[in-house]
Amino acid sequence: MNVFVTGGTGYIGSHTCVELLEAGHSVVVADNLVNSSAESLRRVERITGRAVEFIECDLRESAAVDAVFASHRFDCVLHFAGLKAVGESVAKPLLYFENNLNSTINLCRAMAEHGVKKIIFSSSATVYSPDNVMPVNEESRTGGCTNPYGWTKFMCEQILRAEAEARGDWSVILLRYFNPVGAHPSGLIGEDPRGIPNNLMPFISQTAAGRRDHLNIFGNDYDTPDGTGIRDYIHVVDLARGHVAAMNYMEKVTGTEVFNLGTGAPCSVLEMVRAFEKATGVKIPFRIAPRRPGDVARVYADPSKSLRLLGWKSELSLEDMCRDTWNWQSKNPDGYGGDL
Ligand code: NAD
Ligand code: WQD
């Protein structure tokens, strides 16, 4: 298939490009590079030996989006583009609503105009209400989001559902990611956060590299076995493969379908620190800090629907996640800013 990948220079998008190319698909990427570097695609080409067309484009500009569709023939869209920093979304809510919603609306409009009927959207476990009993499945309650970023994901899901309902012949897949971590085993592509990382795994790996003095563990008084927060970390290569499985499934169906992409295996912050130390042999100095506002004790997936309908399940272990993160971090201490 000829696949249009928005946000394809970013962390998850670039890993998905690799899996798409290796599965024999062709890829055209659009990104405005607000949180990424086009160097990632040169690395994708190096890994796969295949060319990727890159278009620098801001999806908020509807004429620019239309022009991309007018000059290509796409079978399917994978929509990764969006802003994703929870704290920034609290400080700048309009930026988040404007960016994430308008991008999705412009994309839908161009799809309709040019007869493209299949889209896979990067949603998030953050759309589930915090008061659900774990693990969450696709029928669990959504809404009650604790920040504007989460609401943009919730609202984009509604926009896409409504559009699929109205058109009748569209196929929309909403993939709810849990906590993506890790990197391609080549060490050529990985997560390259700007500034101080918000998320656990990049903070651990930058601490291991000596770029951070120590890790702050946000709370050890949760109602969990070791008192630290529990999440469902999933290797980004497994996640990327989930998109290829979803594309295959989409061939057969119309309407909207939702899937969790997680491992279903709960892991605490302390367990992750220990796993990283074991996989890499590098000690992670840490301190216990106050709870982070908005955090909950535990979030993890029931991924059984993805296995049942997509034939997909995560294959890679916590050890793989830690080893591959460290391989990427140690080969690229400055992310894509440094040469490999
Ligand atoms: P990322 O920031 O690495 O990638 C997102 C890409 O979108 C970036 O390359 C950015 O430059 C681009 N972008 C943003 N706004 C754009 C616009 N207006 N026009 C064109 N390009 C634009 O993030 P990621 O971790 O790869 O996440 C990909 C998607 O998955 C996002 O939609 C994110 O919300 C979602 N998601 C991520 C996580 C996670 O923990 N990483 C979890 C759940 C869902
Ligand atoms: C994981 C655990 C922290 C950093 C976020 C978004 C969510 C989704 C994925 C996009 C928690 C603890 C963290 C640190 C720590 N993104 N932690 N010290 O909060 O589960 O999810 O990313 O959709 O929307 O909210 O991930 O990696 O930030 O935190 O102790 O320096 O690690 O308290 O228990 P989270 P995270």
Side-chain angles (χ1 to χ4, degrees), residues 5-16 29-38 40-41 55-61 64-65 68 78-87 89 95-96 98-104 106-107 121-128 145-147 149-150 152-153 156 175-181 189-194 196-204 206-207 212 214-220 222 224 228-234 236 239-240 243 261-262 267-270 272-273 286-300:
V5 181
T6 77
T9 53
Y11 172 46
I12 303 170
S14 57
H15 286 82
T16 305
V29 167
D31 201 301
N32 67 355
L33 305 179
V34 65
N35 194 41
S36 56
S37 158
S40 63
L41 293 186
I55 302 165
E56 191 168 339
C57 165
D58 191 324
L59 297 179
R60 288 174 298 183
E61 292 170 22
V65 179
V68 174
L78 265 59
H79 181 30
F80 295 95
L83 297 173
K84 63 161 184 179
V86 170
S89 81
L95 173 67
Y96 272 67
E98 204 245 331
N99 192 79
N100 293 359
L101 269 58
N102 284 350
S103 295
T104 303
N106 287 339
L107 205 51
F121 175 63
S122 299
S123 191
S124 168
T126 196
V127 303
Y128 288 115
C145 302
T146 52
N147 57 75
Y149 165 73
T152 69
K153 289 289 156 188
C156 286
L175 296 180
R176 294 181 180 153
Y177 311 156
F178 282 69
N179 289 64
V181 297
I189 56 172
E191 189 169 12
D192 183 17
R194 300 202 167 158
I196 300 171
N198 300 306
N199 298 114
L200 178 64
M201 195 57 144
F203 208 105
I204 289 179
Q206 291 194 5
T207 305
R212 312 280 157 208
H214 66 275
L215 168 74
N216 285 310
I217 294 186
F218 299 140
N220 68 347
Y222 285 105
T224 60
T228 65
I230 282 178
R231 296 290 184 273
D232 185 336
Y233 299 95
I234 174 165
V236 65
L239 192 74
H243 294 73
L261 293 186
C267 171
S268 77
V269 177
L270 272 173
M272 184 56 99
V273 170
F286 68 80
R287 292 184 196 155
I288 303 301
R291 290 183 181 192
R292 186 172 62 178
D295 271 358
V296 294
R298 50 171 70 71
V299 182
Y300 56 97

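The residues of the chain are indexed from 1 along the displayed sequence. None of these values were measured; they are calculated from a predicted model. Each ligand, and each atom within it, is numbered from 1 in the order the structure gives.
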Closest protein heavy atom to [atom], given as residue, atom name and distance to 0.1 Å:
atom	value
atom 33 (C) of ligand 1	Y149 OH, 3.6 Å
atom 28 (C) of ligand 1	F80 O, 3.5 Å
atom 12 (C) of ligand 2	V269 CG2, 3.7 Å
atom 5 (C) of ligand 1	G82 O, 3.7 Å
atom 21 (O) of ligand 2	N179 ND2, 3.8 Å
atom 33 (O) of ligand 2	D295 OD2, 2.5 Å
atom 19 (O) of ligand 2	R292 NH2, 2.8 Å
atom 2 (O) of ligand 1	N35 ND2, 2.7 Å
atom 17 (C) of ligand 1	N32 ND2, 3.4 Å
atom 40 (O) of ligand 1	P180 CD, 3.3 Å
atom 20 (O) of ligand 2	R231 NE, 2.5 Å
atom 19 (N) of ligand 1	L59 N, 3.0 Å

Would you kindly specify which portion of [X] sits under 4.0 Å from ligand 2, judged on non-hydrogen atoms: side chain, backbone, both or neither?
X	value
I230	neither
N199	both
L200	both
Y177	neither
V299	neither

Atom pair [atom1]/[atom2] of [X] and [Y] - distance to nearest 0.5 Å:
X	Y	atom1	atom2	answer
S268	L200	OG	CG	9.5 Å
T228	D295	OG1	CG	11.0 Å
N179	S124	CG	OG	8.0 Å
T9	E56	OG1	CD	9.0 Å

Proximity of [X] to ligand 1 by residue part, where a heavy atom lies under 4.0 Å:
X	result
T126	neither
A30	neither
A125	neither
H79	neither
A81	both
N99	side chain

Check ligand 2 against [X] and write out every atom of the ligand that is under 4.0 Å from a heavy-atom position of the residue.
X	answer
T126	24 (O)
N198	4 (C), 28 (O)
Y233	1 (C), 2 (C), 32 (O)
I217	30 (O)
N216	14 (C), 15 (C), 18 (N), 30 (O), 31 (O)
V86	6 (C), 25 (O)
G229	34 (O)
S124	10 (C), 23 (O), 24 (O)

(request) Taking only heavy atoms of T9 into account, list the atoms of ligand 1 that are under 4.0 Å away from them. (result)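 Under 4.0 Å from T9, ligand 1 has these atoms: 9 (O).
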(message) Going by the closest heavy atom to atom 24 (P) of ligand 1, which one wins out of R194, K84, K153?
(response)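 The option holding the nearest heavy atom is K84.
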(message) Judged on heavy-atom distance to atom 35 (C) of ligand 1, which of G10, S36, S122, A85 sits nearest?
(response)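 Answer by nearest heavy atom: S122.
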(request) Could you tell me which residues satisfy salt bridge (charged side-chain N to carboxylate O under 4.0 Å, His left out) with D58, sequence neighbours excluded, listed by chain and number? (result)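 Here the qualifying residues are R60.
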Polar proximity ligand 1 side, [X] side, N/O cut 3.5 Å exclusive:
X	value
Y11	yes
I12	yes
S124	no
V34	yes
D31	yes

(message) Would K84 count as being in polar contact with ligand 2, using the rule that some N or O on each side must be under 3.5 angstrom apart?
(response)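 Among all N and O atoms of K84, none is under 3.5 Å from an N or O of ligand 2.
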(message) If you measure every N or O of F218 against every N or O of ligand 2, does any of those distances drop under 3.5 Å?
(response)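 Yes.
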(message) When you measure from the side chain of T152 to the backbone of Y149, do you find a donor-acceptor pair of N or O atoms at a distance under 3.5 Å?
(response)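 Yes; judged by distance alone, with no hydrogens or angles, the pair exists.
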(request) Would you check if the side chain of Y300 reaches a backbone N or O of F178 as a donor-acceptor pair within less than 3.5 Å? (result)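 Checked: no pair found.
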(request) Indicate the atoms forming the closest heavy-atom contact of G7 with D31, along with that distance. (result)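 Closest heavy-atom pair between G7 and D31: CA-OD2, 3.0 Å.
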(request) Would you check whether G8 reaches within less than 4.0 Å of ligand 1, judged by its heavy atoms? (result)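 In this structure, G8 fails to qualify as a contact of ligand 1 - no heavy atom is under 4.0 Å.
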(request) Check whether any heavy atom of C57 sits under 4.0 Å from an atom of ligand 1. (result)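 It does, in that a heavy atom of C57 comes within the 4.0 Å cut-off of ligand 1.
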(request) Could you check if a side-chain atom of P197 sits within less than 4.5 angstrom of a side-chain atom of E191, using non-hydrogen atoms only? (result)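 They are not in side-chain contact.
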(request) Look at the rings of F121 and H79 and say which category their plane angle falls in: under 30° parallel, 30 to 60° tilted, over 60° perpendicular. (result)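 Tilted, since the angle between the ring planes falls between 30° and 60°.
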(message) Does the Lys NZ or Arg CZ of R291 fall within the cation-pi geometry relative to Y222 - under 6.0 Å from the ring centre and within 45° of the axis?
(response)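 Because its charged atom sits under 6.0 Å from the ring centre and within 45° of the axis, R291 does stack over Y222.
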(message) List the residues meeting side-chain hydrogen bond (donor to acceptor under 3.5 Å, both in side chains) with R231, not counting sequence neighbours, and say none if there are none.
(response)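 For R231, no residue satisfies side-chain hydrogen bond (donor to acceptor under 3.5 Å, both in side chains) once neighbours in sequence are set aside.
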(request) Look at ligand 2 and say whether F286 reaches it with a heavy atom at a distance under 4.0 Å. (result)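 Outside the 4.0 Å threshold, so no.
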